[in-house]
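Heads up, the thing below is written out as structure tokens.
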Protein chains: 2
Amino acid sequence: MSEKWVYRFDEGDASMKGLLGGKGANLAEMSRMGLPVPPGFTITTRACNAWLASGGQMPEGLMDQVQAALADVEAATGKRLGDPDAPLLLSVRSGARFSMPGMMDTVLNLGLNRDTLGGLIRATGDERFGYDANRRFVMMFSDVVLGLPKARFEQILTRYKRQAGVKEDTQLGVTPLKALCNDSLALVLQETGAGFPGDPMKQLVMAIEAVFQSWNNERAVIYRRRERIPDDLGTAVNIQAMVFGNLGLDSGSGVAFTRDPATGERALYGEYLMNAQGEDVVAGVRTPHPIADLRAQLPKIHQEFQELASGLEQRFRDMMDLEFTIERGRLYVLQCRVGKRTGPAAVRMAVEMVDEGLIDAAEAVRRVTSDQLDQLLHPRIDPHDLHARGLRTLATGIPASPGAAVGQIVFDADAAEAAGKVGRPVILVREETSPDDVHGMLGAKGILTARGGKTSHAAVVARGFGVPCVVGCEALHVDHEARTLTVRGEVLAEGAWLTLDGSDGRVFGAQLALIAPEIGGWFGRLMGWCDEFRRLEVRANADNPRDARQAVAFGAQGVGLCRTEHMFFETDRLPIVRALILADSEDQRRAALQKLQTVQQADFEGIFEAMAGRPVTIRLLDPPLHEFLPAHDELLAQVIELRLAQNLVSGRALAGVLAEKETQLAAVEAMREQNPMLGLRGVRLSLVMPGIAEMQTRAVVKAALKVRHRGLPVHPEIMVPLVGHPQELARVRAAVEAIAAELLADAPEAERFPLAIGTMIEVPRAALQAGAIAGHADFFSFGTNDLTQMTFGLSRDDAGRFLSTYVEKKILPDDPFETLDQAGVGRLMQLAVTEGRAAKPGLKCGICGEHGGDPRSITFCHDVGLDYVSCSPFRVPVARLAAAQAALAGGHEDAAR
Amino acid sequence: MSEKWVYRFDEGDASMKGLLGGKGANLAEMSRMGLPVPPGFTITTRACNAWLASGGQMPEGLMDQVQAALADVEAATGKRLGDPDAPLLLSVRSGARFSMPGMMDTVLNLGLNRDTLGGLIRATGDERFGYDANRRFVMMFSDVVLGLPKARFEQILTRYKRQAGVKEDTQLGVTPLKALCNDSLALVLQETGAGFPGDPMKQLVMAIEAVFQSWNNERAVIYRRRERIPDDLGTAVNIQAMVFGNLGLDSGSGVAFTRDPATGERALYGEYLMNAQGEDVVAGVRTPHPIADLRAQLPKIHQEFQELASGLEQRFRDMMDLEFTIERGRLYVLQCRVGKRTGPAAVRMAVEMVDEGLIDAAEAVRRVTSDQLDQLLHPRIDPHDLHARGLRTLATGIPASPGAAVGQIVFDADAAEAAGKVGRPVILVREETSPDDVHGMLGAKGILTARGGKTSHAAVVARGFGVPCVVGCEALHVDHEARTLTVRGEVLAEGAWLTLDGSDGRVFGAQLALIAPEIGGWFGRLMGWCDEFRRLEVRANADNPRDARQAVAFGAQGVGLCRTEHMFFETDRLPIVRALILADSEDQRRAALQKLQTVQQADFEGIFEAMAGRPVTIRLLDPPLHEFLPAHDELLAQVIELRLAQNLVSGRALAGVLAEKETQLAAVEAMREQNPMLGLRGVRLSLVMPGIAEMQTRAVVKAALKVRHRGLPVHPEIMVPLVGHPQELARVRAAVEAIAAELLADAPEAERFPLAIGTMIEVPRAALQAGAIAGHADFFSFGTNDLTQMTFGLSRDDAGRFLSTYVEKKILPDDPFETLDQAGVGRLMQLAVTEGRAAKPGLKCGICGEHGGDPRSITFCHDVGLDYVSCSPFRVPVARLAAAQAALAGGHEDAAR
């Protein structure tokens with residue numbers, strides 16, 4: 001016996017989405033609930049896959065089962081497919097496991113031909129309706145099944161409307177509709193060489209095959225890739241008796257949501273049109289009525305609808321999205337699915353459904369996605385304002401740091417900083433940013449670059465600061481000298497208004513209205529549940545008191561990474577750092593170290609105060625020193641120019657400037673590295689350049705003592721970066737401990753505090769030697785940015801040139817800098833956690849790479865047994881949610897793919 | 001009862017080196033053999049360690065045991081320590097487990113004071129001898145035990161010699177010697193505030209403690225670090241009755257080897273002086289006689305000596321180094337140890353001892369060290385010529401590629417290449433080298449650079465070519481414009497003669513004579529035994545037919561790594577490669593690819609012919625493309641100059657040059673990477689830049705078919721570099737297989753051949769995903785250079801600035817680029833081999849990093865179960881030896897430290 005390929009609606013239920021697709025399973029469920037669903041049946045996704053695998057052969061037994069199910073529909077409706085007297089018309093619709101709206105194909109009114117058209121007209125008594133149904137069918141079938149462009153048929157329709165002098169389809173009378181049908185059929189004959197198929201059964205077979213085929217159409221494939229839907233699921237085909245919303249003024253069609261998908265408000269939401277088919281509602285031919293109008297217009301239907309919606313919510317325990325038709329006063333539901341919603345709506349609905357007893361708190365937490373939550377945390381462009389102005393995007397780049405920003409264009413960091421100080425909103429626009437721009441990035445409302453990817457300097461820093469940012473906007477041409485921005489011929493001068501959205505990459509050449517973040521009561525309650533469920537602690541990466549306060553406001557339980565070097569880049573500090581690096585004498589070195597210690601200490605005090613006793617993990621100086629020096633190429637150019645100038649003109653001033661630039665160039669060249677990522681940085685600096693680690697330890701301990709002295713608790717942790725060998729950590733630990741012990745010994749006993757000393761695990765060797773390293777570490781913090789770079793042998797700065805190709809061609813499943821590579825990097829993490837804890841039971845392990853804010857990576861961190869994740873302050877709520885979801889998912893997945 | 005701290009010579013044997021030290025154990029063994037050894041005893045190394053651990057307390061019972069053993073010596077000699085009538089004099093000598101010549105301390109003639117001196121004079125009837133013995137004792141004891149500088153005593157001696165108008169010590173009479181002794185004792189009183197200790201027992205205790213203490217003197221500590229001798233072994237103390245070689249013309253002292261340590265010839269070798277103590281022979285006061293002279297001078301002693309030497313060789317199964325004294329016609333052996341030897345001598349002795357039945361072939365293989373074998377493979381500076389000329393080194397750098405070279409200085413690669421073509425010997429001297437210099441490095445006899453370390457470009461390329469090379473010679477100042485080389489004020493112009501030794505880093509400013517490599521019969525026989533014992537296959541890294549032939553001559557069983565890009569750097573090819581990279585159009589690209597294919601094919605043909613059917617592993621293009629482009633900074637400078645020039649003068653020629661340079665600069669900047677090591681290279685090139693892998697595959701397959709067509713066997717293997725994800729290999733494999741299949745299909749069936757396709761494992765992720773990658777690989781080849789860089793997060797090019805500090809401070813035990821890091825990189829290798837073979841049983845695994853030529857790393861490769869190692873052609877014999885030694889050592893060591 002052949003496989004069961006076909007299920008009547010009353011044979012399935014909502015749990016069978018894999019086999020029947022989402023639409024089919026929900027139609028079945030509604031049938032079982034006794035809701036008014038027109039009778040029909042579903043062809044399984046397995047049938048689709050079998051058809052695709054065989055290169056287009058109908059699986060054995062399929063059509064027999066279709067015939068049988070069709071017979072049941074005929075019995076239920078009292079009509080028959082192809083029967084000129086009581087013709088049954090069918091809708092044939094695709095329906096995959098996951099909703100892919102508009103991606104695949106639908107044919108309505110199937111079963112019409114010359115004979116049945118007559119029957120339809122007789123049965124309805126409405127000639128105009130009959131020909132209108134016929135013209136819709138011919139156009140849709142030709143488009144979907146025969147592959148003739150819809151536009152060709154629309155041209156014919158437009159011609160007839162012009163001839164008739166009418167604007168709307170509905171205004172066309174019977175005669176032109178008849179002619180239009182004939183012209184359309186003639187077009188089919190002309191284009192295909194064969195006539196339009198008249199046999200309803202043949203129509204049905206062709207439509208089924210067209211739906212199967214549509215699984216692999218280009219837009220469906222692209223959609224699946226974007227939404228991470230597997231390619232091998234296949235689509236089901238739903239075949240259902242037609243009901244008509246255009247049979248007069250007591251008929252109509254509409255779409256509805258059981259709650260407001262934009263705000264989450266608990267009230268029926270949607271719109272309908274009387275005397276119209278569903279596609280008319282969507283097409284916006286006439287302005288539809290809000291669903292509330294039904295109450296006055298058809299009170300019984302409205303009542304029935306309310307009950308139906310409430311029943312659906314009870315059954316599906318979620319907000320549902322329905323399509324319905326009213327045929328001559330009778331309500332039919334054509335399909336239902338869980339409704340899409342905005343972030344704010346998702347949060348509100350989840351919380352209110354808990355209050356209503358519809359779901360429990362765990363389900364509420366499970367149901368809100370990270371992206372939805374993230375929407376609440378950033379300003380958004382007001383869609384009404386945008387709509388009202390009818391603005392088009394100026395350009396679209398890569399969304400790099402979420403949230404919308406409005407401001408006037410500035411082209412350099414100093415200008416941005418100055419504007420920030422006086423509260424003037426500006427957008428910093430650069431070809432790309434460098435560490436020299438950091439002070440300006442802090443002052444700007446938003447950042448826009450023409451180059452770079454999601455992990456470019458601009459992107460990383462902007463996310464750290466929570467400043468909206470769009471990068472890699474290649475349509476931009478920035479002319480720094482002219483101080484203009486050109487986009488496809490349009491020139492914007494400095495001072496022109498821009499609005500950008502760092503959540504989706506759009507850039508507008510105007511001052512748009514924004515909607516502020518909505519962190520209301522629903523958000524707080526959801527977060528509270530998250531905190532109850534999650535096991536992972538959530539910390540934030542914060543480099544200054546401002547970030548630390550922001551982090552606490554978002555619920556961070558500590559600072560997981562304080563990058564002390566970010567403090568070094570600030571305008572008032574960079575000269576001291578340069579003096580340190582370029583010092584000629586030990587005295588100069590010491591003086592510079594002393595100055596730095598003073599400013600660092602003040603920063604640490606602010607952070608400790610903001611964190612009020614929560615742990616603060618401070619990383620010792622990490623980047624290669626030349627990052628603090630002037631850019632090499634620029635210096636080289638200056639020196640060459642000055643040398644040539646000296647050959648033409650001689651003067652002491654010139655000679656002096658040249659000598660100074662030459663000294664600087666020599667220093668920069670001496671520090672230059674082939675591969676700075678793999679050079680003199682991290683713990684190597686502490687071991688090779690005396691005094692820096694010691695200075696930083698002094699600043700940390702003195703700051704903590706000062707805060708303790710004011711009676712506040714402190715919990716400092718010193719973290720050593722780039723350790724690869726146990727001895728590296730042992731040496732630095734000894735130096736740090738010695739200084740801490742000395743300073744603590746001088747303090748009153750009541751003000752002393754324990755100082756934890758741990759290490760980053762960011763070099764593969766550290767993971768491979770975790771057992772030995774754990775002997776010297778109070779904690780491990782996975783620096784997965786560098787660990788990914790080194791495990792893959794892939795520089796983030798350079799990967800842009802080929803990583804996108806890799807992801808596009810599916811050589812890599814994901815960008816490993818966005819989502820943690822579990823098979824490689826994750827394996828090293830697993831190994832380090834296991835062996836580190838074997839050597840030191842209870843060793844605290846966390847993550848402070850960018851992955852600490854990525855939901856899928858957070859799930860892995862939970863599964864691998866980390867104690868905490870640390871991410872940028874604005875990602876903290878998302879991390880709390882993801883950590884809770886991971887805990888609710890429970891169990892450990894197999895870490896290796 | 002206390003531990004046994006003291007062993008009489010007849011209580012020990014040669015196996016007790018750990019407890020008695022090498023000298024003590026061998027003295028015991030000789031005593032047991034009945035050889036004429038003056039009686040004595042040994043204080044154990046455990047006693048030394050106990051003394052050091054307690055901070056200088058004599059272990060309990062030690063001095064009682066010394067007293068008892070001393071009594072035995074007194075009984076045997078009929079003399080007593082401190083007895084004015086028959087005074088016993090003692091030597092007190094250090095002796096650790098491993099020979100550390102000259103590193104620790106010795107006191108002779110111990111026991112002399114005013115009273116015993118009289119007795120000694122009476123007993124010998126030689127007043128001059130007595131005072132001479134006394135002055136030696138006072139000086140030595142004061143130096144070694146009291147810490148007074150020897151130089152102070154030598155000043156006194158010199159003064160008396162001047163006063164007496166004599167040149168030699170031996171010419172001083174009794175009166176000045178007496179006065180000299182008094183002056184020396186007075187100096188001791190003045191410097192120490194206490195008199196010279198007169199009590200012989202006190203002298204003995206002090207001397208023992210001085211020897212204990214000497215284990216930790218600075219030179220001993222440095223020596224141990226260099227020779228990798230553990231610090232916790234301690235030294236034994238050997239106390240022995242003195243015998244005197246300076247008691248007249250029937251007395252004498254000497255040193256001897258049982259075979260010639262320079263050549264290995266089987267004949268007594270050494271020298272002696274009559275009427276002299278051992279230190280006189282070493283000091284070179286008089287010219288000693290060769291040992292053969294004994295035959296005429298003291299035939300009986302010579303005969304006795306011959307028998308004794310033969311007995312020692314039988315007993316110790318090795319060439320021995322002896323110290324002996326003849327006291328009034330009686331021969332005494334004072335110590336013996338296994339003799340040091342040159343490389344040629346080591347090989348000859350090992351082989352001849354097998355012929356003599358003294359040892360078996362396995363022992364011969366075990367006994368020759370890699371360094372010794374390596375000496376045979378390279379020209380050496382003739383030490384006689386050096387000695388005759390009395391030349392001092394001009395400078396010393398880092399030995400980077402072994403062998404000596406003589407030639408005239410040239411400063412650029414083109415000149416070196418030109419000289420090479422006409423056979424004029426030149427040394428290429430550069431600040432440092434770059435890929436642009438490669439053609440010149442091939443033409444030079446030797447390479448000398450002022451910068452860079454053992455893994456700098458110059459070093460790596462020179463080793464690959466087998467060209468002697470000294471790098472990092474920081475005393476050099478190279479002035480390219482003046483074409484001079486300045487070393488500490490000395491200026492050498494282009495054309496001046498240099499001799500350098502790439503085995504030890506010495507550089508001489510002269511044309512010295514060289515000794516050619518001696519690859520005689522002994523070498524061949526030893527290598528034959530190695531090949532019998534070893535399990536590892538040994539291949540060579542060869543990039544061209546010349547290297548391939550060299551590799552075969554040295555016994556390579558295949559080419560493990562053919563770096564196709566090295567071919568690209570040759571002068572006639574670089575322009576084609578640049579044309580390919582900078583191509584504007586697809587036509588230009590294709591034309592360049594076609595040209596490259598032709599030249600590559602010719603190279604491959606040559607290599608396949610040279611290897612005559614042995615496997616040849618060809619790596620697809622690996623380095624970042626900008627390595628083939630002009631240097632960025634130089635181009636930038638040119639463009640800036642030209643732009644400024646254009647502002648002053650305008651002309652079409654100038655504009656044209658500027659435009660060209662600007663285009664080049666733009667191209668170079670577009671290719672520039674922050675971290676080229678982690679950028680667009682390796683398999684990424686094959687996946688992102690279409691055509692290159694395909695072109696190379698065509699060249700390989702066509703070359704192989706051509707060679708097959710001539711009737712020769714071929715065994716090509718294509719290797720994909722930098723793979724980190726299975727999909728990377730799968731894609732390239734598919735492309736390579738498709739082209740190979742197409743080309744092979746066109747060939748006659750008899751000429752077809754199998755094409756293996758494998759991958760480098762050089763990215764940590766590849767090791768972590770070895771199981772999945774093995775599914776697409778016919779073999780794995782560990783690229784441990786890159787694997788080390790990425791596992792440590794350490795760039796070879798930049799590590800020079802801190803790696804030496806790391807090794808000095810013992811943060812790392814070794815330079816991981818010289819000796820494989822077993823705990824980190826080795827662990828990844830172990831994992832990859834295990835999981836790769838689990839997925840594909842019998843998967844062939846090899847290594848082609850520089851570690852493939854390092855003996856300790858080869859041992860690890862054997863233990864971890866690799867199938868082959870591949871190294872530079874000149875390291876092949878060393879690898880064969882190391883592989884054999886690893887097999888003989890047997891067993892698997894624990895791979896993780």
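Here the structure is a predicted model, which is why all the values come from computation and not from measurement. Protein chains get the first letters and strands the later ones, always in sequence-line order, with residue 1 at the start of each.
One distance of note links CD of A:E432 with NE2 of A:H457; it measures 10.5 Å at 0.5 Å rounding. We find the CD1-CD distance between B:I581 and B:E627 to be 10.0 Å, quoted to the nearest 0.5 Å. Here the CG atom belonging to B:L621 is positioned 7.0 Å from the OG atom belonging to B:S686, to the nearest 0.5 angstrom.
In this structure, chain A has no heavy atom under 4.5 Å from any part of B:A770. Proximity to chain A is limited to the side chain of B:V688, based on heavy atoms less than 4.5 angstrom apart. Contacts between B:R731 and chain A at a heavy-atom distance below 4.5 Å involve the side chain alone, from C-beta outward. Both the backbone and the side chain of A:I811 come within contact range of chain B, with heavy atoms under 4.5 Å apart. At a 4.5 Å heavy-atom cutoff, B:A799 makes no contact with chain A through either its backbone or its side chain. Contacts between B:D821 and chain A at a heavy-atom distance below 4.5 Å involve the side chain alone, from C-beta outward. For chain A, the nearby parts of B:L680 are the backbone and the side chain; heavy atoms of each come within less than 4.5 Å.
Put simply, of B:A767, B:A766, B:G724, B:G679, the one with the most heavy-atom pairs under 4.5 Å next to chain A is B:G679. For the options A:L722, A:L794, A:V825, A:L644, heavy-atom pairs under 4.5 Å to chain B are most numerous at A:L794. The most heavy-atom pairs under 4.5 Å with chain A, out of B:R684, B:E762, B:K809, come from B:R684. Taking B:T791, B:L636, B:V763, B:L687 one by one and counting their heavy-atom pairs under 4.5 Å with chain A, the maximum is reached by B:T791. The candidate from B:Q674, B:R643, B:Q727 with the greatest count of non-hydrogen atom pairs under 4.5 Å with chain A is B:Q674.
A donor-acceptor contact shorter than 3.5 Å is absent between the side chain of A:D814 and the backbone of A:T819. One N or O on the side chain of A:R827 and one on the backbone of B:L768 form a donor-acceptor pair closer than 3.5 Å.
Under 3.5 Å, the side chains of B:H632 and B:E669 contain a donor-acceptor pair of N or O atoms.
The two residues B:A774 and B:G836 come nearest to each other via the heavy atoms CB-O, 3.6 Å.
Between B:R681 and B:D786, at least one side-chain N (NZ, or NE/NH1/NH2) sits under 4.0 Å from a carboxylate O, which counts as a salt bridge.
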